[in-house]
Undergrad: 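My structure is below; once you've seen it, I'll send some questions.
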Amino acid sequence: MKKAAPSFLIRSLLFLVLILAAGPAGATPLSAVFTFQGRLLQADGVNSEESSSVIFRLQVRSPDGLCLLYDETHNRDMTGTSGVFALEVGQGTNSNVASLTLLQSFSNAALLTGSGGCSYNPSPGDGRRLRLSYEVGGQIISLPMDQNIFHVPYAYYSQYLGGRSASEFLQTNATATQAKIDDLTASATTLIALAAGTSPQYATPTYVNSSLAGRSVDITSLSNGQVLTWNSSQNKWIASSLNTGTVSSVTAGTGLSGGTITGSGTISLATIGSGGTAAKVTYDAYGRVTGGAALSDGDFSTITTAGKVSGAAITSGTIGGSTSISTTGSLAANSASTRSLAVLQATPPNSTIGVNISASAAQSSTYNLILPVDKGLANQFMKTDGNGALSWSHVAWASLTGMPTTLSGYGITDAVKSSGIPSFVSGTEAAMPLADTVGRLYITTDTKKIFRDTGSSWELITSSAGSGGTVTQVSASAPLTVSQGASTPTVALQNGASSGHALIWNGSAWVSAHPNMSQLRGVASAAQVPTGCTSAQVWSYQSLTDTFICANIAISSTQISGLGGAASLSVGTTAGTLAAGDDSRLTGALQANASAGGDLSGTAGAPTVGKIQGVSVSGAAPGNNQVLKYSTADSRWEPAADNNSGGTVTSVAAGTGLVAGTITVSGTLNVDVGTGANKIVQLDSSGRLPAVDGSQLTGVPIPFGNMEVYDGNNTFIVPPTVKRVFVQVWGGGGGGGGSTALGPSSSGGVGAAGRVIVWW
């Protein structure tokens, strides 16, 4: 027979929630521990549970019970305890399933991450749920309801220090640190002087700046509620009222998604499929692409219009049929095969007159001809080397056959004759033929020179000025250089070592260097420029010695304009004198080139407002009707559209029963819920009142004032006067410990060997 499961009765529950609050002034700091007491009963509901090993498990959960924040166990020997236990929550074995300590699980200061990654964002007055289960003899029994944990009066006082709340103290964060506060207090005297306008380090409070981030500001017509707006036509900031619109709702039409927007949101194209690429697409009546496919030959039309296909697009294949290629440009190819080639006249362009080049009809094999590398000289002809390589050449005497062997054979009757000289040629020097016959002589008729043909060049033999010679060696010393040649050397001045260098004689050689003033010499070879002048002297030229000397600066009062009848003006602190630096007549003055400080940059004469209250201002040019807005992403003021205007409310104060203070920009008003004085009691997630002192409530029945135990196959009926009962079932049809709630006149049964405990 299966042993009946034990049950329990919680006799009392005490809460001392001291976790996040300080005790009274002078009190000893309190530990993060509170006591949970109760009594365990066996399955008969009468006898105490006194097993030698009972494992208690305590869980701290969010107010809705869904997020587990803290989990610990206690192992107790209940022998001789009459089932009574007292557990110190916070002193058990922490399973650390949520990585939070007991102290952290009760914090309402920030978002909490619980077991399994659940998130719980507490409100300032939130309590917690405490869930209890225990294990006896391998069976786990759970308390049918979680216990709500709220603050007690002592914890209320712990929220204050010396009677003051946390909002009345300075708090440090990532921006406001203790080091920054120390720096400010250390400079208190300087800051007070700056605020009072007595600081000599900054501009006085009466200083007026007419620019903002380098842009002109015009506030001549400034009135209440206006803002600075950029006017592009006037190129300056002007005071103007906020723009208000009439649009209150934007609905997404066909093809768009984003819903109806009444505040802010995004409307975008609705997706109709997955993304991709395709050469051929289909689209609907709204122009949206609905499908795609590859192009086929049938998708292309025959192109008949001239100029629709670029020549660069044809990279392979053969232009077939009898197609003719007609172009006014050039035709280039690695090789070309044709039966004939027609070269037409260059002008006119449409002329059909030209020269046809074609192969011989009697030709029996193909051969190649290679053209010369240049266009040749006048009177040359093209010859072949027998292998198809063509070149330009003059007619060589040795290549002529059948020629007469005597001068008379050529009809020459009075020619000059000389043995050993092949021939004499005469003409102007500019018309000398190409040298190709060794020993031939050429006599110029204009310059009266005689040249001899060496076979490769013409060599000057004599001239009217005398016989010519051949230069074989030319030498030079610095700063001259010689570029040696066979007969025409080049003499040049050597290059300097750097830009601006000059050739300077150092006493033994010419060197390339920058000249300096000490190297200048006068007529007597003395140094022309002195080197010992002081800062108050100038150079004075002496024509006698052609040198400069150091001389004191001297100028008469008559040479200075603006002094009037005075020979000079004295410096002092009295009337008629120039003001000295410590003159009491100078107040709040800044030098024009003095650096501006604080929110200003640049100089005092031309400052630029780079900041507002210490926050940087973007230098970007604003657009028409834009306003300055703070950007948290860039941590500065930036020009932006005025898209949040339209309302006239400037301040909302929290009235009775609400918390969050006065809101001037944005914020949230919350009902001031809780169980303390002047708080509004809020039902929990199950629609029940929290644990609150109800001593002043009348006509309210005490919950769970009755309890009955049913065994075996008994049936129970909820009394009609009771709105709800809670049922705990063990064994039988109960599934081993489930619980539920029934309404008026509902009935339930108990399976064989089962037990039901009913509270109402």
Side-chain angles (χ1 to χ4, degrees), residues 343 345-347 355 369-496 501-503 505 509-510 512:
V343 181
Q345 287 184 349
T347 56
V355 177
L369 293 178
I370 302 175
L371 294 175
V373 297
D374 54 25
K375 62 183 180 180
L377 300 175
N379 301 319
Q380 287 187 317
F381 68 94
M382 188 179 294
K383 69 176 183 179
T384 178
D385 63 353
N387 294 317
L390 303 179
S391 62
W392 298 106
S393 177
H394 288 283
V395 177
W397 189 265
S399 64
L400 298 178
T401 60
M403 300 298 294
T405 58
T406 63
L407 291 175
S408 60
Y410 292 95
I412 299 174
T413 59
D414 57 351
V416 178
K417 300 180 180 179
S418 175
S419 61
I421 299 177
S423 64
F424 291 93
V425 184
S426 64
T428 63
E429 185 172 353
M432 275 199 307
L434 185 66
D436 59 3
T437 305
V438 178
R440 185 173 52 155
L441 297 180
Y442 186 86
I443 302 172
T444 63
T445 57
D446 53 349
T447 58
K448 308 299 188 290
K449 297 178 182 179
I450 301 175
F451 294 90
R452 178 180 179 275
D453 191 345
T454 65
S456 59
S457 64
W458 289 101
E459 182 180 70
L460 180 64
I461 298 176
T462 183
S463 67
S464 59
S467 61
T470 301
V471 177
T472 59
Q473 179 66 36
V474 176
S475 61
S477 58
L480 299 177
T481 61
V482 176
S483 175
Q484 295 292 347
S487 60
T488 57
T490 300
V491 180
L493 189 66
Q494 69 181 23
N495 293 331
H501 274 199
L503 288 176
W505 182 257
W510 291 97
S512 173

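All values reported here derive from a predicted model rather than from experimental measurement. Throughout, numbering of the chain's residues begins at 1 and tracks the sequence.
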Undergrad: Would you please name every residue forming a side-chain contact (heavy atoms from CB on, under 4.5 Å) with Ile450, sequence neighbours left out?
TA: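 Listed in chain order: Ile443, Ile461, Thr462.
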Undergrad: To the nearest 0.5 Å, how far apart are CE in Met382 and OG in Ser391?
TA: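 Answer for the CE-OG pair, Met382 versus Ser391, is 8.5 Å.
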Undergrad: Once side-chain hydrogen bond (donor to acceptor under 3.5 Å, both in side chains) is applied, do any residues pair with Thr428, and if so which ones, sequence neighbours excluded?
TA: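 For Thr428, no residue satisfies side-chain hydrogen bond (donor to acceptor under 3.5 Å, both in side chains) once neighbours in sequence are set aside.
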Undergrad: Please find the pair of heavy atoms, one from Tyr442 and one from Pro433, that lie closest to each other, and give the distance.
TA: CE1-CD, 3.5 Å
Undergrad: Ala435 and Ser456: which non-hydrogen atoms are nearest, and at how many Å?
TA: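 Smallest heavy-atom distance, with atoms named: CB-C, 3.8 Å.
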Undergrad: Going by the salt bridge (Lys or Arg N to Asp or Glu O under 4.0 Å) test, which pairs reach into residues 384-393, not counting sequence neighbours?
TA: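 Not a single pair qualifies under salt bridge (Lys or Arg N to Asp or Glu O under 4.0 Å).
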Undergrad: Going by ring-ring contact (aromatic ring centres under 6.0 Å, His included), name the residues that satisfy it together with Trp510, two or more places apart in sequence or in a different chain.
TA: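 Checked Trp510 against ring-ring contact (aromatic ring centres under 6.0 Å, His included); matches are Trp505.
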Undergrad: For residues 434-446, which residue pairs qualify under salt bridge (Lys or Arg N to Asp or Glu O under 4.0 Å), counting only residues two or more places apart or in two chains?
TA: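 Listed once each, the pairs are Asp436-Arg440, Arg440-Asp453.
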Undergrad: Quick check: closest heavy atoms across Gly455 and Val438, and the distance to 0.1 Å?
TA: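 Residues Gly455 and Val438, closest heavy atoms: CA-CG2, 3.7 Å.
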Undergrad: List in chain and number order the residues that pass side-chain hydrogen bond (donor to acceptor under 3.5 Å, both in side chains) with Thr437, two or more places apart in sequence or in another chain; answer none if no residue qualifies.
TA: none
Undergrad: If a pair satisfies salt bridge (Lys or Arg N to Asp or Glu O under 4.0 Å) and one of its residues is in residues 425-434, list it, with sequence neighbours excluded.
TA: Glu429-Lys449
Undergrad: Applying side-chain contact (heavy atoms from CB on, under 4.5 Å), can you list everything that pairs with Ser512, at least two apart in sequence or on another chain?
TA: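 side-chain contact (heavy atoms from CB on, under 4.5 Å) list for Ser512, sorted by chain: Ala497, His501.
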Undergrad: Mind checking ring-ring contact (aromatic ring centres under 6.0 Å, His included) for Phe451 and listing every partner two or more places apart, or none if nothing turns up?
TA: none
Undergrad: Rounded to the nearest 0.5 Å, what's the gap from CH2 on Trp458 to CG on Leu434? Could you check?
TA: 9.0 Å
Undergrad: Would you give me the side-chain donor-acceptor pairs under 3.5 Å for residues 371-379, sequence neighbours excluded?
TA:
from	atom 1	to	atom 2	distance (Å)
Asp374	OD1	Gly376	N	3.3

